[in-house]
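All chains are named by letter (A, B, ...) in the order of the sequence lines, taking the proteins before the strands, and each is independently numbered beginning at 1.
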Amino acid sequence: MSGPGPGRLARVSGPSEASSARTLCDEAFDAASLHSLRDRVAACVTALGLAEDRAMSVILVVHELAANAVRHGAGSGRLLMQATTEGLRCQVSDSGPASGQPWPVRQGHGLWIVRKAVDTVTVQSGPGGSLVAVVFGATPS
Amino acid sequence: VTELTVTASEEVGPGGPRTVVRLVGEADLTTPALGDVLQAECAKRPRLLLVDASRLAFIDSAAIHEIVRAHRTLRASGSRLALISPTPAVARVLELSGLDTVIPVHASADEAGA
């Protein structure tokens, strides 16, 4: 069986593979800039013409992923938002906590909300940092 | 920087005294004032604590956790907590988090205070 590897995670194309991906936002963040990150995401989803409920879901999900990186990860990270053939792809990465322990990316209320709001969640986490990618498909949910 | 103003006031409603905690701005993990004020007000054992979200533009899971914590504290002592007139953005987060099935949401303070 040629699965995606350990962790039974759904496979999502990375930036290098998704040649048709159009970058909407590529921004660094930390605790002090979570507010402006939400504003930036709001501007992107407004430009895409998403319905209000859908737009709020994207803003919340990106915030929760960034907040996890701030609270449990390196304290700062990077958001990459792309329009792909699968839908709206949001990727949050950080270089990992100072302790060297991977942050508990699967725990917490925030991640539960994330899983409820998106179509696909991909998590890569290790001592070198974490990368979480979510995809909002074309069909509103 | 996320800015949140939290004010607490004691009022008398149609059903008796009540404490209203008003949130203006955005509530997230970087705004500890929410949890601080809620815990301080819970310690005074109000009959009814209303969280006025009519001017709250955003709420995240960390802030929701603080409200759930206050709700549990009050319920354990026979008191109540309710949310008042959340904005559409906040209502969406309440729906996604399932909080609207745990904590009563009312259109106005008088509706909640009966």
message: As an exercise, state the distance from CZ of Arg115(A) to CG of Leu96(B), rounded to the nearest 0.5 Å.
response: 15.0 Å
query: How long is the gap from CD1 on Ile113(A) to OG on Ser97(B), to the nearest 0.5 Å?
result: 5.0 Å
query: Going hydrophobic residue to hydrophobic residue with side-chain gaps under 4.5 angstrom, can you get from Val68(B) over to Val21(B)?
result: yes
message: Do Val24(B) and Leu34(B) sit in one hydrophobic cluster, given that two such residues count as connected whenever their side-chain heavy atoms are within less than 4.5 Å of each other, even indirectly?
response: no
What is the minimum heavy-atom distance between [X] and [Y], and which atoms define it?
{"X": "Lys116(A)", "Y": "Gly98(B)", "value": "NZ-N, 4.4 Å"}
{"X": "Ala31(A)", "Y": "Thr30(B)", "value": "O-CG2, 3.7 Å"}
{"X": "Leu60(A)", "Y": "Asp60(B)", "value": "CD1-CA, 4.3 Å"}

message: For Met56(A), is there any backbone N or O sitting under 3.5 Å from a side-chain donor or acceptor partner on Arg92(B)?
response: no
- prompt: So, do Leu34(A) and Leu29(B) sit near enough that their side-chain heavy atoms are less than 4.5 Å apart?
  reply: yes
task: Determine whether more than 12 heavy atoms belonging to other residues, nucleotides or ligands lie under 6.0 Å from atom CD of Glu52(A).
output: no
message: Taking the basic N atoms (NZ, or NE/NH1/NH2) and the acidic carboxylate oxygens, is any pair closer than 4.0 Å for Arg38(A) and Glu26(B)?
response: yes
query: Does the ring center of His35(A) lie less than 6.0 Å from the ring center of Phe58(B)?
result: no
